[in-house]
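Below is one structure, written out as structure tokens; the observations come after it.
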Amino acid sequence: MRLFIAVNFNNDTRSRLTGLCEELRGKSERGNFSLPENLHLTLAFLGECGDKQSAAAKSVLGAVIFKPFDMTFDRIGRFKRNGGDIWWAGLRESKPLSALQRDLTNRLTAVGFALENRKFTAHITLGREVVTDFKPRAIEPFGETAAGLDLMKSERIGGKLTYTAIASKGAAPNEKIDQKTAVAE
């Protein structure tokens, strides 16, 4: 099964992201735009995993310790690609988010996962293979408090890309994250 670890969003955030996606769609010649239910923030892409790797990912997810932290969306951007760009909603730099992603990555590589070796750029994909004259820009900031992580399974069901949480981890309650405790021990 194809797995990744992500932050999923509340209905208000998902609605606002869907609005950005629809705005982009309206100004595009073509593209493959994200479904509202598939909007998420990927922290670690694990790829194709067997039962043993799935169990290891669940164990890592259970071991991660973090406190709720605020995320703020503040821009729309793109990764240029031949044949159409990947457009995304970007998150303002966040030390707690970066520390959590780094801790998660360190724990996953320690148990044998071969993860992408590139700088983490916190973004939510709005569309792929997008051809448009739309320009990257700042947006009116909005956000939510991240209070949980999900191990997600990606599969095609009836031709539709579907993401399903197969394990979840809640944040430690009632406190903001302390950067020092988010770093791997």
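Predicted model, so just to flag it, every value in this text is computed and none were measured.
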Which Ile, Leu, Val, Met, Phe, Trp or Tyr residues join I157 in one cluster when any pair of side-chain heavy atoms under 4.5 Å counts as a link?
none
Backbone N/O of Q101 and side chain of T105: donor-acceptor pair under 3.5 Å:
yes
Quick check: is I166 connected to L149 through a chain of hydrophobic side chains (ILVMFWY, heavy atoms under 4.5 Å apart)?
yes
Contacts of K27 meeting salt bridge (Lys or Arg N to Asp or Glu O under 4.0 Å) (sequence neighbours excluded), chain-then-number -> E23
Within the 6.0 Å centroid threshold, strictly below: F45 and F113:
no
Salt bridge (Lys or Arg N to Asp or Glu O under 4.0 Å) with E93: which residues, sequence neighbours excluded?
none
Does any N or O in the side chain of R107 come within less than 3.5 Å of the main-chain N or O of V60, such that one atom is a donor and the other an acceptor?
no
Can L151 be reached from F4 by stepping across I, L, V, M, F, W or Y side chains whose heavy atoms are under 4.5 Å apart?
no
Out of curiosity, does I76 fall in the hydrophobic cluster containing V131 (side-chain heavy atoms, cut-off under 4.5 Å, transitive links)?
no
Decide salt bridge (charged side-chain N to carboxylate O under 4.0 Å, His left out) for K80 and D85; before the verdict, give the C-alpha distance in whole Å, the side-chain angles of both, and the deciding distance to 0.1 Å.
CA-CA 5 Å; K80 290 190 173 201; D85 299 333; 6.0 Å; no
Give, for atom CG of L3 and atom CD of E155, the distance between the pair rounded to the nearest 0.5 Å.
10.0 Å
Donor-acceptor pair, side chain of R75 and main chain of L91, under 3.5 angstrom
yes
Sequence-distant partners of T42, side-chain hydrogen bond (donor to acceptor under 3.5 Å, both in side chains), two or more places apart
H40
For residues 29-39, pull every pair meeting salt bridge (charged side-chain N to carboxylate O under 4.0 Å, His left out), keeping only residues two or more places apart or in separate chains.
E37-K160
With sequence neighbours excluded, tell me which residues meet side-chain contact (heavy atoms from CB on, under 4.5 Å) with S94.
F69, P96, L97
Within a reach of under 6.0 Å around CD of E48, are more than 12 heavy atoms found that belong to other residues, nucleotides or ligands?
yes
Check the hydrophobic clustering (I, L, V, M, F, W, Y; side-chain heavy atoms under 4.5 Å; chains of links allowed) and say if Y163 and I5 are grouped together.
no
Is R16 close to F9 at the side-chain level, that is, under 4.5 Å between some pair of heavy atoms?
no
On a heavy-atom basis, which atom in A44 and which in L104 lie closest, and how many Å separate them?
CB-CD2, 4.4 Å
Tell me, please, which residues at least two apart from N11 pass side-chain contact (heavy atoms from CB on, under 4.5 Å).
none
If you group Ile, Leu, Val, Met, Phe, Trp and Tyr by side-chain heavy-atom gaps below 4.5 Å, do I139 and L41 land in one group?
yes
For D150, enumerate each residue passing the side-chain contact (heavy atoms from CB on, under 4.5 Å) test, keeping only those at least two apart in sequence or located in another chain.
N8, M152, A165, S168
Report the residues that fulfil side-chain contact (heavy atoms from CB on, under 4.5 Å) with P136, sequence neighbours left out, ordered by chain and then residue number.
R78, W87
Exam field: side chain K169 to backbone G62, donor-acceptor pair closer than 3.5 Å
yes
Taking side-chain hydrogen bond (donor to acceptor under 3.5 Å, both in side chains) as the test, write out the residues that go with E22, two or more places apart.
R25
Donor-acceptor check, side chain of S34 to backbone of L39, threshold 3.5 angstrom: yes or no?
no
Measure the shortest side-chain to side-chain distance between L126 and L20 over non-hydrogen atoms and say whether it is less than 4.5 angstrom.
yes
Less than 3.5 Å apart, any donor N or O on the side chain of E144 or T13 sitting next to an acceptor on the other?
yes
Inter- and intrachain pairs under ring pair (Phe, Tyr, Trp, His ring centres under 6.0 Å), touching residues 13-36, at least two apart
none
Does any non-hydrogen side-chain atom of R14 lie less than 4.5 Å from one of D12?
no
With rounding to the nearest 0.5 Å, note down the distance linking CG in D74 to CZ in R92.
5.0 Å
Please report the closest heavy-atom contact between F73 and A89, naming both atoms and the distance.
CD2-CB, 4.3 Å
Is a side-chain N or O of R2 found less than 3.5 angstrom from the main chain of C49, in a donor-acceptor match?
no
CD1 of I124 to CG of N38: how many Å apart, nearest 0.5 Å?
13.0 Å
Is a side-chain N or O of T132 found less than 3.5 angstrom from the main chain of F134, in a donor-acceptor match?
yes
Measure the spacing between OG of S98 and CG of L43 and express it to the nearest 0.5 Å.
10.0 Å
Using links of under 4.5 Å between side-chain heavy atoms of ILVMFWY residues, direct or through other members, which residues join W88 in one cluster?
F79, I86
